[in-house]
Amino acid sequence: MSQASPTESPDQNLQSSLRENRIFTPSAAFAAEAHVKSFAEYQQKYAHSIADPEAFWAEAARELDWFAPWTRVLDWKLPEAKWFVDGKLNLCHNCVDRHALGARAEKTALLWVGEPADEVRRISYRELHEQVQRAASGLRSLGIQKGDRVAIYMGMTPELAIALLACARIGAVHSVIFGGFAASAIADRVNDAQCVAILTQDGSWRRGNEIPLKTTVDQALEQAPSVKHVVVLRRTGSAIPMQAGRDHWWHELLAAAQPVCAAEPMDAEDPLYILYTSGTTGKPKGLVHTTGGYGVQTYLTTKYIFDLREDDVYWCTADIGWVTGHSYVVYGPLANGATVMMYEGAPNYPNFSRFWQLIEEHKVTIFYTAPTAIRAFMQWGNEHVERHDLSSLRLLGTVGEPINPEAWMWYREKIGGGRCPIVDTWWQTETGGIMVAPVPGAVPAKPGSATLPFFGIEPDVVDRSGKTVPAGSGGLLVVRRPWPSMARTVYGDAERYKKTYWSDVPGCYFTGDGARRDADGYLWLMGRVDDVINVSGHRLGTMEVESALVAHPKVTEAAVVGRPDELKGQAIVAFVTLDAATAVSESLDALKDELKRWVTKEIGALARPEEIRFTQVLPKTRSGKIMRRLLRELATTGHISGDTTTLEDFSALAKLRENEES
Ligand code: WTA
């Protein structure tokens with residue numbers, strides 16, 4: 001259960017010091033060609049969408065193919081939403097068939113670039129249709145059926161996108177696990193959803209090294225007995241052991257499969273996928289997204305916020321292992337019939353120009369990435385950018401964390417050549433699709449603000465009682481009414497879903513984020529108010545890292561906080577108490593390294609603490625709760641000035657300070 005939710009004293013975090021006055025209006029040339037051409041048009045459309053959201057979303061839904069129409073747009077009984085009730089559709093059909101069987105048959109659907117040099121694959125909608133059908137038949141031939149859960153642990157290959165679509169085609173519920181997670185993190189996720197199969201690769205390429213995915217899966221499956229089938233894509237060609245009866249090669253399975261596989265008619269509320277994300281407890285939550293509403297909102301937001309046109313080459317750099325990849329590499333852009341670029345490797349391999357070289361070579365027009373990446377590009381130096389022609393770009397986007405105005409300006413000038421609008425998109429794994437972002441031809445941008453809500457979305461900034469706070473003051477970001485792509489539940493734990501999202505602020509969805517709304521109604525995101533940290537745009541629960549640390553035999557207690565970090569947004573600092581024998585006998589520096597490796601092994605490299613500090617006691621409230629606020633302050637500023645009246649053992653603070661000095 002969400003124990004620490006949302007936090008001891010949220011308002012402490014909500015004093016925003018950011019005051020940014022610059023405004024960038026879309027150019028007349030951009031606006032003239034855009035789907036929404038003026039601020040007045042945005043305002044009018046927004047007002048209509050809020051006056052009658054059901055009519056608005058129904059009109060959007062009619063742009064997709066349905067096998068059977070819905071009878072009602074929305075059934076809403078907090079916290080349960082049903083969108084497009086009784087409607088039948090298939091998202092694979094919407095992303096693939098309707099283009100492959102129409103005018104876009106020969107249009108490139110996936111433009112994939114491998115990390116090793118010179119590897120490029122262009123897959124047309126017609127070819128995608130063929131491959132997705134074979135993959136779907138292949139899964140069916142293993143006995144996988146509608147409703148079965150299928151884990152996917154792959155690198156950024158075209159087959160990863162095909163794997164998601166093949167599951168959607170037969171109604172299997174995919175659970176993609178980011179390729180950087182460790183074996184025990186895979187086992188937890190597979191067990192939670194009782195997956196019957198896992199799709200993986202021999203290995204994947206990352207900065208010239210091979211990441212051994214199949215070996216990690218083999219380790220995970222020692223603790224995950226529900227998996228009956230492992231399908232392995234040959235990518236690197238390394239020798240790997242295959243277990244007879246359980247393991248199948250992707251290419252053999254597809255070669256033997258039926259070439260035709262009809263798309264299963266899915267109910268609008270049938271689950272499409274589960275995606276795990278961090279919360280305030282040690283156990284990640286499996287957010288469940290369903291078919292109809294998710295399909296409609298990802299389709300529509302891609303169309304309007306990226307202002308998609310037929311000839312765009314669209315590149316979202318997110319890994320499909322995160323929600324951004326689900327919604328804005330796969331479902332949203334393919335539902336629009338876009339050409340989607342996918343790149344397998346890292347931005348700094350084989351050199352710091354890799355992304356810019358790819359944009360130049362493939363004439364990318366839309367580029368969507370994370371602020372943490374932009375800050376890294378800045379640090380690497382302008383020379384890597386300047387030697388490339390980026391004039392094909394017409395729109396830029398960011399997601400995952402607040403962007404600092406300095407990075408925003410650099411992005412605009414150096415990457416966008418001063419001419420491309422930037423869409424700063426606020427949303428979450430839970431929201432499924434973009435919620436707040438400028439519609440680019442219409443809404444003027446302010447660097448660092450996600451600006452105004454998308455059509456049909458009603459966010460608010462409130463205090464704990466749910467009352468709207470005055471313009472300019474900080475508060476909790478909530479959403480006042482349901483939206484189509486909202487997660488429907490936490491897999492297997494409806495109670496946790498209700499408690500985490502629909503209980504803190506009466507009548508509202510609580511995002512976990514703090515925000516401020518300025519006099520123009522623009523939203524400025526101020527980071528999490530709960531025990532979630534955001535490292536390089538990736539969410540980690542402090543409890544998750546703490547659980548991993550205390551699982552180490554020498555650790556008694558651990559408290560993890562985020563500290564501002566110029567590059568990553570936040571860095572992980574862990575305060576750790578050791579068992580008495582260890583505390584006196586060990587070389588503490590070696591133990592720090594050991595604990596960092598331990599966390600990497602337990603969760604994955606993304607959770608590796610930047611810094612470990614040993615202490616004799618942790619500061620706690622009288623009720624025994626660790627006062628992370630104090631630790632956060634200590635980790636950030638080196639001292640504590642905040643309120644300590646609820647602190648139980650005052651000596652704890654003195655001891656922490658001592659440790660600082662020694
Ligand atoms: C943060 C990623 C500021 C926020 C799509 C949110 C942002 C969490 C922005 C969700 C943004 C995401 N500005 N903060 N444009 N986008 N966030 O689930 O704290 O990985 O709650 O979804 O990232 O992260 P998640």
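Predicted model, so just to flag it, every value in this text is computed and none were measured. First listed ligand is number 1; within each ligand, the first listed atom is number 1.
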What orientation do H289 and Y273 show, parallel under 30°, tilted 30 to 60°, or perpendicular over 60°?
tilted

Once you measure the plane-to-plane angle for H174 and H326, does it fall in the parallel (<30°), tilted (30-60°) or perpendicular (>60°) bin?
tilted

Qualifying ring-ring contact (aromatic ring centres under 6.0 Å, His included) pairs with a residue from residues 398-421, counting only residues at least two apart or across chains:
F24-W408

According to the ring-ring contact (aromatic ring centres under 6.0 Å, His included) rule, which pairs have a member within residues 445-475, sequence neighbours left out?
Y42-F455, F56-F455, Y304-F455

List below, pair by pair, the N or O atoms of ligand 1 and of the protein that are less than 3.5 Å apart, including the distance to 0.1 Å; reply 'none' if no pair qualifies.
unit_1, atom_1, unit_2, atom_2, d
ligand 1, 13 (N), E401, O, 3.4
ligand 1, 14 (N), P402, N, 3.4
ligand 1, 15 (N), D424, OD1, 2.7
ligand 1, 15 (N), T425, O, 2.8
ligand 1, 16 (N), G400, N, 3.1
ligand 1, 17 (N), G400, O, 3.3
ligand 1, 18 (O), T429, N, 2.8
ligand 1, 18 (O), T429, OG1, 2.6
ligand 1, 18 (O), R539, NH1, 2.8
ligand 1, 19 (O), D513, OD1, 2.7
ligand 1, 19 (O), D513, OD2, 3.2
ligand 1, 21 (O), Q428, NE2, 2.9
ligand 1, 21 (O), D513, OD1, 3.2
ligand 1, 21 (O), D513, OD2, 2.8
ligand 1, 21 (O), R528, NH1, 3.0
ligand 1, 22 (O), T429, N, 3.4
ligand 1, 23 (O), G400, O, 3.2

With sequence neighbours excluded, residues passing side chain to side chain contact (heavy atoms under 4.5 Å, CB included) with R481
I50, P53, E458

Considering the options K568, Q570, R563, which one meets the side-chain hydrogen bond (donor to acceptor under 3.5 Å, both in side chains) requirement together with E610?
K568

